[in-house]
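Some notes on the structure that comes next.
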There are 2 protein chains.
Amino acid sequence: MAVTTAGRGRRRAAAQGAGATLGDRVDALERQGYRATPQRRAVLAAVLGAGRVNVSAEEVCGRARALCPTVNLATTYRTLDLLKRLGIVRRVIYGDGRGVFCANPDPHYHGTCLQCGTVVDLPRGRIADVLEREQRGLTDQAFAVVGHRVEFYGYCDACRSAGRTGSIL
Amino acid sequence: MAVTTAGRGRRRAAAQGAGATLGDRVDALERQGYRATPQRRAVLAAVLGAGRVNVSAEEVCGRARALCPTVNLATTYRTLDLLKRLGIVRRVIYGDGRGVFCANPDPHYHGTCLQCGTVVDLPRGRIADVLEREQRGLTDQAFAVVGHRVEFYGYCDACRSAGRTGSIL
DNA sequence: GGGGCCGATGAGAGTCATTCTCAACGCATT
DNA sequence: AATGCGTTGAGAATGACTCTCATCGGCCCC
Ligand SMILES: [Zn+2]
Ligand SMILES: [Zn+2]
Ligand SMILES: [Zn+2]
Ligand SMILES: [Zn+2]
């Protein structure tokens, strides 16, 4: 995959949602007044290309360097933070406090492997509305609940087939 | 509150659950072969005395020092980790990756204040079994789900009455 | 009632992810 | 060419947490 500067403004305006492409995110970036530098394109491509498995900032930086060798870890953090503010990526914290990044625009959950710490996307079921109903009842005079977050844990394919069932928690 | 060395072995054996006291935890500690040193008693008292609001290791250390001035931050971490292994405290990670400790033995949820980061205990509703049913359906060939964690977020009393509604996330 | 044993401790150094600082750079505008 | 400004790389700084190691304090045995 190569990162080019082509394509500005000649794509349909599918900025958000499941069908959004790399170019759409570049457009979104520029529409908000940010420059789509080679570094930012590379970070964007790296995090979008990670697929179902979520990636740490360091991994994103490594993948981005394959597309633009000058990408620096500080720039990676800066860009990921920018993308987070624009709603393009999510930052997920798992059990031991490390952060990973997810560019999946569809509503979904996250599952953390108890053995190796890998964080994968899981399809969304029908929990959300139950949780939303519940969270209204949780509000009392000491705390007003406005949202929630669910995290599942278990074992990834690699760890399961290797018979590893330890726990990092 | 003072931390004494008295009471070993002359309390009823209510080691776990809602009615457990400081002394019960001391017993549990010694029954497993660990010494109930003044430092450990102080850390235990500090984390038990925190109430509904969960506390960071540094806060625990500060509170513990009021009971035993020699308590060190390293000892606080060591003791909290020991208490976690014994099931006496829980470590909760909130949105920005910081850890807080909770000694509430009853099943309950945690709510994080989006403004100040305070983590409070919230009563458990009837979500748990819905989630457990759901998590079975989430298991596929790429990930085996074995558990889950829910975290609510909102605004604590202090921030609400001060009209602060920012977000640390 | 002194000596060894061993778990526990304090102080400080080390680690690791993340953030900050600052001089240099790219690129557009004059 | 000179100016301006958003962006960048390198490295220092931060902050939560962990590790190392010399020392401490009971405890058992003689
Ligand atoms: Zn995701
Ligand atoms: Zn795994
Ligand atoms: Zn709690
Ligand atoms: Zn608050």
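Proteins get letters first, then strands, A, B, ... in listed order; numbering begins at 1 in each.
Atom CD in A:Q32 sits about 13 Å away from atom P in D:dT7, given to the nearest Å. Atoms CZ (B:R41) and C1' (C:dA8) sit 14 Å apart, rounded to a whole Å. Atom pair B:Y34:OH and C:dG7:C1' shows a separation of 11 Å (rounding to whole Å applied). With rounding to whole Å, A:E59 atom CD is found 11 Å from C:dA17 atom P. What separates CG of B:D81 from C1' of C:dT9 is a distance of 16 Å, to the nearest Å. Atom CG in B:L82 sits roughly 14 Å away from atom P in C:dG7 (whole-Å rounding). Atom pair B:R65:CZ and C:dG10:C1' shows a separation of 10 Å (rounding to whole Å applied).
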Is there a side chain to side chain contact (heavy atoms under 4.5 Å, CB included) between A:L122 and A:F152? Walk through the geometry before answering. CA-CA 9 Å; A:L122 294 173; A:F152 292 93; 4.0 Å; yes

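Nearest to the side-chain atoms of A:R40 among the listed nucleotides D:dT7, D:dT20, D:dA10 stands D:dT7.
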Under 3.5 Å, N/O pairs linking protein and nucleotides 13-17 of chain D:
| from | atom 1 | to | atom 2 | distance (Å) |
| --- | --- | --- | --- | --- |
| D:dA16 | OP1 | B:R98 | NH1 | 3.2 |
| D:dC17 | OP1 | B:R91 | NH2 | 2.9 |
| D:dC17 | OP1 | B:G99 | N | 3.3 |
| D:dC17 | OP2 | B:Y77 | OH | 2.5 |
| D:dC17 | O5' | B:Y77 | OH | 3.3 |

Please write out each protein N/O paired with an N/O of nucleotides 25-30 of chain C under 3.5 Å, distance rounded to 0.1 Å.
| from | atom 1 | to | atom 2 | distance (Å) |
| --- | --- | --- | --- | --- |
| C:dG26 | N2 | A:R35 | NH2 | 3.3 |

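B:C102 places a side-chain heavy atom less than 4.5 Å from the side chain of B:H110. Between B:T118 and B:V100, the closest side-chain pair of non-hydrogen atoms is not below 4.5 Å. Residues B:R90 and B:K84 are not in side-chain contact: their nearest non-hydrogen atoms beyond the backbone lie 4.5 Å or more apart. Put simply, the side chain of B:V119 does not reach to within 4.5 Å of the side chain of B:V53, judged on heavy atoms.
Follow the hydrophobic side-chain contacts under 4.5 Å out from A:L44 and you never reach A:Y77; the two are in separate clusters.
Taking side-chain N and O atoms only, A:N72 has a distance below 4.0 Å to OP1 or OP2 of D:dA10. A close approach under 4.0 Å does occur between a side-chain nitrogen or oxygen of B:T75 and OP1 or OP2 of C:dG10. OP1 or OP2 of C:dT9 sits under 4.0 Å from a side-chain N or O of B:T37.
We find that B:D81 and B:R78 are not joined by a salt bridge, their nearest charged nitrogen and carboxylate oxygen being 4.0 Å or further apart.
In the interface, the side chain of A:R78 is not paired with the base of D:dG6 through any donor and acceptor atom under 3.5 Å apart.
With 3.5 Å as the limit, one finds a donor-acceptor pair spanning the side chains of B:T70 and B:Q39.
For A:Q32 (side chain) and A:L29 (main-chain N/O), no donor-acceptor pair under 3.5 Å exists by modelled atom type.
In terms of position on DNA chain C, the residue among A:A74 and B:V71 whose nearest nucleotide sits closer to the 5' end is B:V71.
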